[in-house]
Amino acid sequence: MSERPQAPRGTFDVLPDQAALRLAVERCARGALEAAGYQRIETPVFEDTDVFRRTVGESTDIVQKEMYTFEDAGGRSLTLRPEVTAPIVRAYIEHGMHKLPQPVKLWYLGPCFRYERAQAGRYRQFWQLGAEALGSDDPAVDAESILLLATILDELGVRGTRLRIASLGAPASRARYRELLQGHLRAHEDRLAAEVRARIDLNPLRAFDSDHPGTREVMASAPLLLDHLDAADAEHFAQVRELLDAAELPYEIDPTLVRGLDYYTRTVFELTSDALGAQSGVGGGGRYDGLAEQLGGAHVPGMGWAAGIERILLAAEERPVPAPICDLYVAVTGNVPGAGGPAAVAAFALAAEARRAGVPTQIELAGRSLKGQLKQAARLGARYVAIVADEGIELKDMQSAQQESVDSAGAVVAHVLRGRHA
RNA sequence: GUGGGCGUAGCUCAGCUGGUAGAGCUCCUGGUUGUGGUCCAGGCGGUCGCGGGUUCGAGUCCCGUCGCUCACCCCA
């Protein structure tokens with residue numbers, strides 16, 4: 001068995017049943033997003049490593065240990081995208097989208113790559129659905145964005161969702177708060193977990209995520225970022241909440257909500273589902289008003305989110321996969337695989353004609369016996385089976401089991417078309 | 001990277017305290033020479049993840065290794 005080829009660890013094949021489910025998710029998301037004026041964008045699956053290194057943050061796990069980075073034959077350092085927001089901002093800058101009416105609203109669906117140990121809902125290649133609105137810092141952008149994700153998850157039947165929101169403030173107030181928090185952590189350093197202590201300089205906010213008992217005690221009395229926002233940021237956050245209230249979208253304010261990427265400013269949010277395992281996050285995002293500048297562009301405020309397709313599928317209630325339609329199955333008598341013969345040729349021509357007429361048609365391709373062909377037709381849910389023999393064609397209605405001879409391929413197609421609209 | 005569980009036919013699994021592999025499902029064929037979704041029979045299909053060890057003999061015991069999976073970490 002070890003000889004059998006296998007997909008690399010943390011990756012998976014999307015088999016037909018799953019592909020149908022994914023298509024349903026894509027259609028639903030696309031409908032909601034495009035109705036709200038978001039347009040699809042696709043960026044390369046790899047980028048210059050700097051695109052991520054400069055935006056996601058040196059201190060993050062993503063940059064420190066999860067990136068698939070490689071050098072191409074030209075000596076360039078490239079990285080398989082671990083997320084799509086930075087590439088989209090890169091594209092916005094590269095294509096001068098600032099000259100378009102703002103905000104520019106974009107959505108995407110595609111694979112991302114992170115080198116992590118796989119577990120339920122976490123893979124090395126996973127698909128993200130996302131939406132980004134660039135060029136406006138209006139709180140309505142934030143609220144609309146959050147509402148869109150919540151709506152999509154709801155329409156998809158994702159169970160047990162919870163929305164948490166917070167504000168990280170602007171860089172200046174965040175920096176001031178950061179020092180405050182670092183002071184608090186240093187004052188109680190001896191009670192903190194080792195990893196937390198090691199991150200006091202790099203990312204003190206992470207301390208809120210710790211479940212280390214000593215750390216939790218220290219954090220219980222820690223200053224909260226929400227209490228230290230600038231007036232403008234506090235007002236922005238208040239407006240976002242007011243709009244969410246107006247849309248009647250329930251949420252919880254979580255002052256310890258920390259997103260795993262460093263580029264977030266002001267609004268951040270996360271949607272979780274209790275139908276998932278340990279990886280309970282279905283999607284999340286926030287505002288990133290400094291991201292474009294980090295990439296060397298002008299100041300461009302932005303807001304967006306990403307959701308994991310695999311997690312959506314895991315958390316969504318089971319839905320029946322619609323069976324593919326087959327209106328006509330073309331069988332051949334005296335079937336000998338590869339032997340051809342006039343009946344086989346006539347059958348092929350009949351199938352071609354039916355398809356040209358728009359009839360979903362399948363034809364015997366495996367040299368089965370007539371009994372086997374009927375069985376196959378039944379499996380496919382075919383409405384009609386045309387049995388082509390050297391002597392002529394018979395058309396069988398699979399539901400009524402009635403059968404009559406038909407004198408031409410055209411008559412078969414006409415009959416099937418009539419039956420379909422009946 | 002660390003820890004727990006698991007690794008027997010395409011799929012789901014059985015195989016007791018060691019004696020050289022089974023079932024169900026699926027697929028194909030046959031059951032009147034050309035007819036389906038039920039039934040019956042047959043067939044295709046496995047170096048029991050891999051390597052080593054103990055033993056007269058291991059799927060069954062021991063060691064190692066790889067893989068899958070769940071969890072930690074972190075996130076989609």
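No experiment lies behind these values; they were computed from the predicted model shown. Naming convention: chains lettered A, B, ... in sequence-line order (proteins, then strands); numbering from 1 in each chain.
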Counting any heavy atom closer than 4.0 Å, what does [X] reach on the DNA or RNA strands: base, sugar-phosphate only, or nothing?
{"X": "Leu129(A)", "answer": "nothing"}
{"X": "Arg9(A)", "answer": "sugar-phosphate"}
{"X": "Val385(A)", "answer": "nothing"}
{"X": "Gly130(A)", "answer": "nothing"}

Just to verify, what does Arg355(A) make a side chain to side chain donor-acceptor pair (under 3.5 Å) with, not counting sequence neighbours?
none
Report the base-pairing partner of [N] (Watson-Crick or G-U wobble, both distances below 3.5 angstrom), or none.
{"N": "U38(B)", "answer": "none"}
{"N": "G64(B)", "answer": "C50(B)"}
{"N": "G3(B)", "answer": "C70(B)"}

Could you give the distance separating [M] and [N] at their [atom1] atoms, to the nearest angstrom?
{"N": "C48(B)", "M": "C13(B)", "atom1": "C1'", "value": "13 Å"}
{"N": "G42(B)", "M": "C25(B)", "atom1": "P", "value": "13 Å"}
{"N": "G3(B)", "M": "U8(B)", "atom1": "C1'", "value": "27 Å"}
{"N": "G43(B)", "M": "U2(B)", "atom1": "P", "value": "49 Å"}
{"N": "G49(B)", "M": "U17(B)", "atom1": "C1'", "value": "26 Å"}
{"N": "C11(B)", "M": "U26(B)", "atom1": "P", "value": "16 Å"}
{"N": "G51(B)", "M": "G59(B)", "atom1": "C1'", "value": "16 Å"}
{"N": "C70(B)", "M": "G31(B)", "atom1": "P", "value": "48 Å"}

Expressed as a whole number of angstroms, how long is the span from [X]:[atom1] to [N]:[atom2]?
{"X": "Tyr123(A)", "N": "C75(B)", "atom1": "OH", "atom2": "P", "value": "19 Å"}
{"X": "Arg122(A)", "N": "C75(B)", "atom1": "CZ", "atom2": "P", "value": "10 Å"}
{"X": "Glu66(A)", "N": "C75(B)", "atom1": "CD", "atom2": "C1'", "value": "7 Å"}
{"X": "Arg117(A)", "N": "G1(B)", "atom1": "CZ", "atom2": "P", "value": "7 Å"}
{"X": "Leu276(A)", "N": "C75(B)", "atom1": "CG", "atom2": "P", "value": "16 Å"}
{"X": "Arg114(A)", "N": "G1(B)", "atom1": "CZ", "atom2": "C1'", "value": "18 Å"}
{"X": "Phe126(A)", "N": "C74(B)", "atom1": "CZ", "atom2": "P", "value": "17 Å"}
{"X": "Asp17(A)", "N": "C11(B)", "atom1": "CG", "atom2": "C1'", "value": "13 Å"}

Checking only heavy atoms, does the side chain of Gln125(A) share a donor-acceptor pair with the base of A76(B) at less than 3.5 Å?
no
Non-neighbouring partners of Glu293(A) that pass salt bridge (charged side-chain N to carboxylate O under 4.0 Å, His left out), sequence neighbours left out
none
Any salt bridge linking [X] with [Y]? Criterion: basic side-chain nitrogen under 4.0 Å from a carboxylate oxygen.
{"X": "Arg40(A)", "Y": "Glu42(A)", "answer": "yes"}
{"X": "Glu26(A)", "Y": "Arg30(A)", "answer": "no"}
{"X": "Glu310(A)", "Y": "Arg22(A)", "answer": "yes"}
{"X": "Glu189(A)", "Y": "Arg197(A)", "answer": "no"}

Under the 3.5 angstrom rule, does the side chain of His184(A) hit a backbone N or O of Val218(A) as a donor-acceptor pair?
yes
Between Thr55(A) (side chain only) and Val51(A) (backbone N and O only), is there a donor and an acceptor less than 3.5 Å apart?
yes
Would you indicate which nucleotide in [options] comes nearest to any side-chain atom of [X]?
{"X": "Gln119(A)", "options": "C68(B), C72(B), G30(B)", "result": "C72(B)"}
{"X": "Tyr115(A)", "options": "C75(B), C28(B), G1(B)", "result": "G1(B)"}
{"X": "Ala120(A)", "options": "C73(B), C68(B), C70(B)", "result": "C70(B)"}

Using the rule for Phe, Tyr, His and the six-membered ring of Trp, do Trp127(A) and A76(B) stack at under 5.5 Å and under 30°?
no
Nucleotides 32-44 of chain B: protein proximity per nucleotide (B base, S sugar-phosphate only, - neither; heavy atom, under 4.0 Å):
--BBB--------
Is the NZ or CZ atom of Arg124(A) positioned over Tyr115(A)'s six-membered ring, under 6.0 angstrom from the centre and within 45° of the axis?
yes
For G30(B), does either OP1 or OP2 sit under 4.0 Å from a side-chain N or O belonging to Ser369(A)?
yes
Could you pick out which residue, Pro8(A) or Arg124(A), lies toward the 5' side of RNA chain B when each is mapped onto its nearest nucleotide?
Pro8(A)
